Amino acid sequence: MRRWLLLPVLALAVGCSTTPDTGPTVLAAPVIVLPRQDTAAPLPPATTAPPPPDRPRQAPSGPAPTASAVTGAVRGVDRAAEVGLLVLDRETGTEVVSAGADRRFRSASLVKLLIAVDVLGAGADTATRNQVARMLRLSDDDIASALWVRRGGAALVTRTARAMGLRDTRPPAIPGRWGDVLLTARDVAGVYTHVLGSLPPADRALVVDALAAAPRSAADGFDQHFGIPDGLSAPWAVKQGWSDSARDIVVHSTGLVGAGWRYVVVLLTEHPLRTAWSTAAKSVTAGARTLDAVLR
């Protein structure tokens with residue numbers, strides 16, 4: 001659920017929501033929210049393998065899907081959906097399929113990938129690394145809000161976008177509304193490419209292991225196994241997003257797929273505000289399912 005807190009410098013806004021926004025809840029006096037201490041057990045040793053070594057490039061295992069097949073499957077469930085799609089084959093260095101890859105969407109919780117990269121890049125102690133892992137694994141909004149404030153809010157987006165070469169990612173119009181960061185499917189794919197190719201091994205392992213361990217129920221109770229997890233049979237490591245605004249809802253499924261994380265898959269969708277959450281999620285799963293034959 002979307003929640004608002006008045007702060008002296010930055011307002012916090014939760015970016016994932018499971019119910020329509022019913023308006024702000026204003027506290028009687030300004031409140032400073034300190035980062036919540038994560039009481040989870042320390043992180044286990046990193047287990048994620050690095051990107052696969054160079055080897056003879058092989059063609060995908062099945063027939064290449066078409067953009068019209070993917071978008072048609074999404075719109076077969078919700079005909080009013082807008083779609084941003086990009087699938088990269090890291091082994092061949094090619095785009096498997098693309099549609100609306102440069103259209104901007106509200107990020108919802110996909111911005112947590114930017115938060116994680118920024119926090120880890122600045123150096124993080126064990127407690128903070130545990131928070132980052134929990135934020136990614138459970139899509140924890142409270143941790144995201146605390147880290148957003150700690151790292152400068154909108155400045156975090158500008159800083160990380162520049163560092164990763166993201167051309168179309170923009171901060172939210174209202175600084176505290178981190179779920180309203182604007183990004184494209186191409187830029188999200190760029191984040192995953194950066195994570196696998198540029199992060200130090202321990203940081204890369206933390207991010208990928210957390211995404212690969214995403215449970216069905218997110219911290220807010222939302223079923224986050226739509227799209228890639230329920231639509232594809234290959235191994236996955238995902239960051240999902242769901243959020244409403246005054247004009248729309250967005251539901252996104254993104255991540256790494258296949259042996260050696262061969263594929264980067266980004267499927268972004270925007271729906272009219274009246275759309276049921278279950279309908280939007282089913283449309284994303286329908287789109288992802290059309291990719292299953294090739295992403296094995």
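Only a predicted model underlies this, so the values are computations on that prediction, with no experimental measurement involved.
- Using a 4.5 Å heavy-atom threshold, the side chains of V117 and V195 count as touching.
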Inset, instruction - Evaluate the salt bridge (charged side-chain N to carboxylate O under 4.0 Å, His left out) criterion for residues R296 and D292: first the C-alpha distance (whole Å), next the side-chain angles of each, then the deciding distance (0.1 Å), finally the verdict. - result: CA-CA 7 Å; R296 295 189 181 204; D292 190 46; 3.0 Å; yes
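- Expressed to the nearest 0.5 Å, how far CH2 of W148 lies from CZ of R177 amounts to 12.5 Å.
- One hydrophobic cluster, built from ILVMFWY side chains closer than 4.5 Å, holds both I115 and L183.
- Between the side chain of T269 and the backbone N or O of V251, at least one donor-acceptor pair lies under 3.5 Å.
- With respect to the salt-bridge test (charged N to carboxylate O, under 4.0 angstrom), the residues D203 and R129 qualify.
- Judged purely by atom type and a 3.5 angstrom limit, T290 uses its side chain to pair as donor or acceptor with the backbone of G287.
- For the atom pair S109 OG and D140 CG, the distance stands at 9.5 Å (nearest 0.5 Å).
- Residues R90 and W261 have side chains in contact (heavy-atom distance under 4.5 Å, counting atoms from C-beta outward).
- D118 and T160 share no side-chain donor-acceptor pair at under 3.5 Å.
- The shortest side-chain heavy-atom distance between I174 and D180 does not fall under the 4.5 Å cut-off.
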Legend entry - Derivation and outcome, side chain to side chain contact (heavy atoms under 4.5 Å, CB included), residues L110 and V188: CA-CA 8 Å; L110 299 187; V188 176; 4.2 Å; yes
Inset, instruction - Dump the intermediate steps for side chain to side chain contact (heavy atoms under 4.5 Å, CB included) on R137 and L211, then the final yes or no. - result: CA-CA 5 Å; R137 185 175 68 253; L211 301 184; over 6 Å; no
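- In terms of heavy atoms, V181 sits closest to R170 at CG1-O, 3.3 Å.
- Note: I228 CD1 to T285 OG1 = 10.0 Å, rounded to the nearest 0.5 Å.
- For the side chain to side chain contact (heavy atoms under 4.5 Å, CB included) criterion with S283, the lone passing option out of H271, R79, R75 is H271.
- Within the 4.5 Å cutoff, no side-chain heavy atoms of T184 are placed close to those of L166.
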Inset, instruction - Evaluate the criterion salt bridge (charged side-chain N to carboxylate O under 4.0 Å, His left out) for residue pair E95 and R186; output intermediate values, then yes/no. - result: CA-CA 11 Å; E95 292 185 5; R186 194 173 306 280; 2.8 Å; yes
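- Put simply, the side chain of Q224 never gets that close to the backbone of L138: no donor and acceptor are under 3.5 Å apart.
- The closest side-chain heavy-atom distance from V266 to L85 is not below 4.5 Å.
- Of all heavy-atom pairs between P65 and L291, the closest is CG-CD2, 3.5 Å.
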Inset, instruction - Take R103 and D168 through the salt bridge (charged side-chain N to carboxylate O under 4.0 Å, His left out) test and state the conclusion after the steps. - result: CA-CA 9 Å; R103 183 193 189 277; D168 296 306; over 6 Å; no
Inset, instruction - Carefully, step by step, assess R262 and D89 under the rule salt bridge (charged side-chain N to carboxylate O under 4.0 Å, His left out). - result: CA-CA 6 Å; R262 176 173 178 175; D89 185 338; 2.9 Å; yes
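- Note: the hydrophobic cluster containing L113 does not contain V250 (ILVMFWY, side chain heavy atoms under 4.5 Å, direct or indirect links).
- Smallest separation of non-hydrogen atoms from A116 and V132: CB-CG1, 3.7 Å.
- Taking T66 as the reference, S68, A69 meet the side-chain contact (heavy atoms from CB on, under 4.5 Å) condition, with sequence neighbours excluded.
- Using a 4.5 Å heavy-atom cutoff, the side chains of H252 and V284 are not in contact.
- With hydrogens and angles disregarded, no donor-acceptor distance shorter than 3.5 Å links the side chain of Q240 to the backbone of A218.
- Cluster annotation: V77 and L273 are assigned to distinct hydrophobic clusters (Ile/Leu/Val/Met/Phe/Trp/Tyr, side-chain heavy-atom contacts under 4.5 Å, transitive).
- A donor-acceptor contact shorter than 3.5 Å links the side chain of H225 to the backbone of A214.
- In terms of the side-chain contact (heavy atoms from CB on, under 4.5 Å) criterion, residue partners of A234 (sequence neighbours excluded) are, by chain and number, V257.
- Taken to the nearest 0.5 Å, the CG atom of N130 stands 9.0 Å off from the CD1 atom of I143.
- The cluster map of Ile, Leu, Val, Met, Phe, Trp and Tyr, joined by side-chain heavy atoms under 4.5 Å apart, puts L156 and L147 in the same cluster.
- A pairwise comparison of heavy atoms in T275 and A280 identifies CG2-N, 4.1 Å as the closest pair.
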Inset, instruction - Apply side chain to side chain contact (heavy atoms under 4.5 Å, CB included) to the pair V207 and L136, showing each step before the final yes or no. - result: CA-CA 7 Å; V207 171; L136 295 175; 4.1 Å; yes
Inset, instruction - Start with the C-alpha gap between W178 and D141, add the side-chain angles, then the distance that decides, and say whether side chain to side chain contact (heavy atoms under 4.5 Å, CB included) holds. - result: CA-CA 10 Å; W178 50 257; D141 291 331; 3.2 Å; yes
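- F222 and W242 have parallel rings, their planes meeting at less than 30° on a 0 to 90° scale where 60° marks the start of perpendicular.
- In this structure, CH2 in W277 is found 4.5 Å from CD1 in I249, a value given to the nearest 0.5 Å.
- Sorted by first then second residue, the salt bridge (Lys or Arg N to Asp or Glu O under 4.0 Å) pairs that include residues 246-257, not counting sequence neighbours, are R106-D248.
- Between L114 and T169 there is a side-chain heavy-atom pair separated by less than 4.5 Å.
- Minimum interatomic distance between V238 and P229 (heavy atoms only, all atoms of both residues): CG2-CG, 4.0 Å.
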Legend entry - Criterion side chain to side chain donor-acceptor pair (under 3.5 Å) on S107 and K112, from CA distance to verdict: CA-CA 9 Å; S107 68; K112 291 168 185 170; over 6 Å; no
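- Looking only at side-chain heavy atoms (C-beta outward), D78 and P272 come within less than 4.5 Å of each other.
- Cluster annotation: V191 and L199 are assigned to the same hydrophobic cluster (Ile/Leu/Val/Met/Phe/Trp/Tyr, side-chain heavy-atom contacts under 4.5 Å, transitive).
- The shortest non-hydrogen separation linking L86 to A189 is CD2-CB, 3.8 Å.
- Remark: D187 CG to Y192 OH distance equals 13.0 Å, nearest 0.5 Å.
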Inset, instruction - Walk me through it: do S145 and D142 pass the test side chain to side chain donor-acceptor pair (under 3.5 Å)? - result: CA-CA 5 Å; S145 294; D142 292 338; 5.6 Å; no
